[in-house]
Amino acid sequence: MIPALAAALPSPTVGVWHLGPVPLRAYALCIVAGIVLGVVIAERRWQAKGGRKDFVLDAAVWAVPFGVVGARLYHVVTSPQAYFGEGGDPVRALYLWQGGLGIWGAIAGGALGVWIACRRAGYRLAPMADAMAPGLLVAQALGRWGNWFNNELYGRATDLPWALTVHRWDESAGRAVTGADGTPQVLGIFHPTFLYESLWCLAVAAAIIVLDRRYRLRHGQAFLLYVALYCLGRSWFEDLRIDAANEVAGLRVNQWVAGIVLVLALVAFVRSRRAHAGEGGQPEVLERVASSESPTATSPSSGAATQSGGPTVPTTGARPSPDRDDRPDARDS
């Protein structure tokens, strides 16, 4: 065991630092860093599609809190024992810094937040989802390093060269348990599933960018591809993990969710590609959705309502023709 431990990848022994009374938690810092980089990537992609850079930040203001709440709710609902089971503490459901954020809830909650932002601004959701897809993966990749700092979510024991040293962990203190001599206690060496998932997310992000350039992924296709490929990898990572989890028919709940979402995403992706097969040479439509709240002026000659600085749309509220290149930055001043 000693030679194996010497060859294993290291893990931190401290996951929280204090600036006076203010705790700085590595888990939270990794998530924040991921969000920042994800927004930067989304801004560039959104601008490349003709959108306004500042709208991505507007969308993130809605997506981040909704995503965090959704992620925590998913975790608590699928793993309720620690909070509502025998000896559980419901208050701990609020302790986000101790880990426990479900990606499925994060995606659902974040998507709801982005939908609200798009609805308020009058933009379509699908182009924004496509713009955000690679950035979301990069954000997840960075966020997984928070699990490394917390010495959690590792896989089965292994003696592979890239095995991960895991310490016995005191969640309340945010540091490794130490022995009588003050040395951090080692639990063992295990598969670094956090690292596998982080690298997988980066690889999928790169693949989506390449495929987008070659095949012009639009109408939500880049986002659907992100969901499908992430689920494919997550199914394997879940099979490696040994942390406590609820099971159905011998499989972890997250494996079932990953499999179901994978199938749904693939079906939706194929249907979208077929439905828009003849649009490869057309500019992407990023028009504002006409709404009763938008200021309009009726043209006497055409009978159409024209938004200030935006595209002309029919008074009936119908969207512009799909072959038009209505820009998302045509916003009211």
Side-chain angles (χ1 to χ4, degrees), residues 1-34 71-72 75-76 78-103 140-200 236-247 252-254:
M1 180 66 71
I2 298 299
L5 284 175
L9 300 174
S11 285
T13 57
V14 178
V16 58
W17 305 273
H18 291 83
L19 293 179
V22 180
L24 294 178
R25 302 183 184 277
Y27 186 81
L29 293 176
C30 289
I31 292 177
V32 171
R72 189 59 173 177
H75 169 74
V76 172
T78 56
S79 304
Q81 292 85 351
Y83 313 104
F84 306 105
E86 184 178 352
D89 181 6
V91 177
R92 288 187 59 207
L94 303 176
Y95 295 172
L96 299 179
W97 55 88
Q98 292 185 359
L101 297 175
I103 185 60
Q140 288 176 234
L142 285 178
R144 272 304 177 206
W145 285 85
N147 302 127
W148 177 63
F149 276 99
N150 282 357
N151 282 242
E152 62 186 0
L153 304 189
Y154 44 85
R156 295 190 292 268
T158 182
D159 58 358
L160 290 171
W162 55 85
L164 178 70
T165 301
V166 176
H167 301 94
R168 298 186 185 277
W169 200 252
D170 184 345
E171 288 186 358
S172 60
R175 62 178 58 244
V177 175
T178 55
D181 60 353
T183 302
Q185 296 183 8
V186 174
L187 184 63
I189 57 172
F190 304 90
H191 278 284
T193 52
F194 88 90
L195 181 59
Y196 298 161
E197 184 166 340
S198 181
L199 294 176
W200 177 255
W236 177 57
F237 309 140
E238 281 292 325
D239 187 58
L240 285 176
R241 281 169 50 171
I242 59 174
D243 53 299
N246 292 323
E247 296 185 354
R252 296 161 68 99
V253 170
N254 280 335

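All of these numbers come straight from a predicted model, not from anything done at the bench.
Remark: E152 CD to N147 CG distance equals 4.5 Å, nearest 0.5 Å. A distance of 4.5 Å separates CG in L153 from CZ in R241, rounded to the nearest 0.5 Å. Put simply, CZ on R156 and CG on L240 are 5.0 Å apart, with the number rounded to the nearest 0.5 Å. Atoms CD1 and NE2, on I242 and H191 in that order, are 10.0 Å from each other to the nearest 0.5 Å.
Considering only heavy atoms from C-beta on, C30 comes within 4.5 Å of F149 through its side chain. Counting heavy atoms from C-beta on, the side chains of N254 and I103 never come closer than 4.5 Å.
For R252, the salt bridge (charged side-chain N to carboxylate O under 4.0 Å, His left out) partners are E238, D243, not counting sequence neighbours. For A176, the side-chain contact (heavy atoms from CB on, under 4.5 Å) criterion is met by T13, H167, W169, P184, not counting sequence neighbours. Take V91 and apply the side-chain contact (heavy atoms from CB on, under 4.5 Å) test, not counting sequence neighbours, and it matches D89, Y95.
Of all heavy-atom pairs between G34 and L142, the closest is CA-CD1, 3.7 Å. Counting all heavy atoms, side chain and backbone alike, W148 lies closest to P10 at NE1-O, 3.0 Å. The shortest non-hydrogen separation linking E197 to F237 is CA-CE1, 3.5 Å. Considering all non-hydrogen atoms of both residues, D159 and I189 come closest at CA-CD1, 4.2 Å.
Side chain of S11 to backbone of T165: a donor-acceptor contact under 3.5 angstrom is found.
The only option from N151, N150, L164 that meets the side-chain contact (heavy atoms from CB on, under 4.5 Å) definition with F194 turns out to be L164.
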Verdict with supporting geometry, L19 and L24, side-chain contact (heavy atoms from CB on, under 4.5 Å): CA-CA 7 Å; L19 293 179; L24 294 178; 3.5 Å; yes

Could you check Y83 against H75 for side-chain contact (heavy atoms from CB on, under 4.5 Å), going step by step and ending with a plain yes or no? CA-CA 11 Å; Y83 313 104; H75 169 74; 2.8 Å; yes

Determine, stepwise, if the pair W236 / Y196 fulfils ring-ring contact (aromatic ring centres under 6.0 Å, His included). CA-CA 10 Å; W236 177 57; Y196 298 161; 5.5 Å; yes

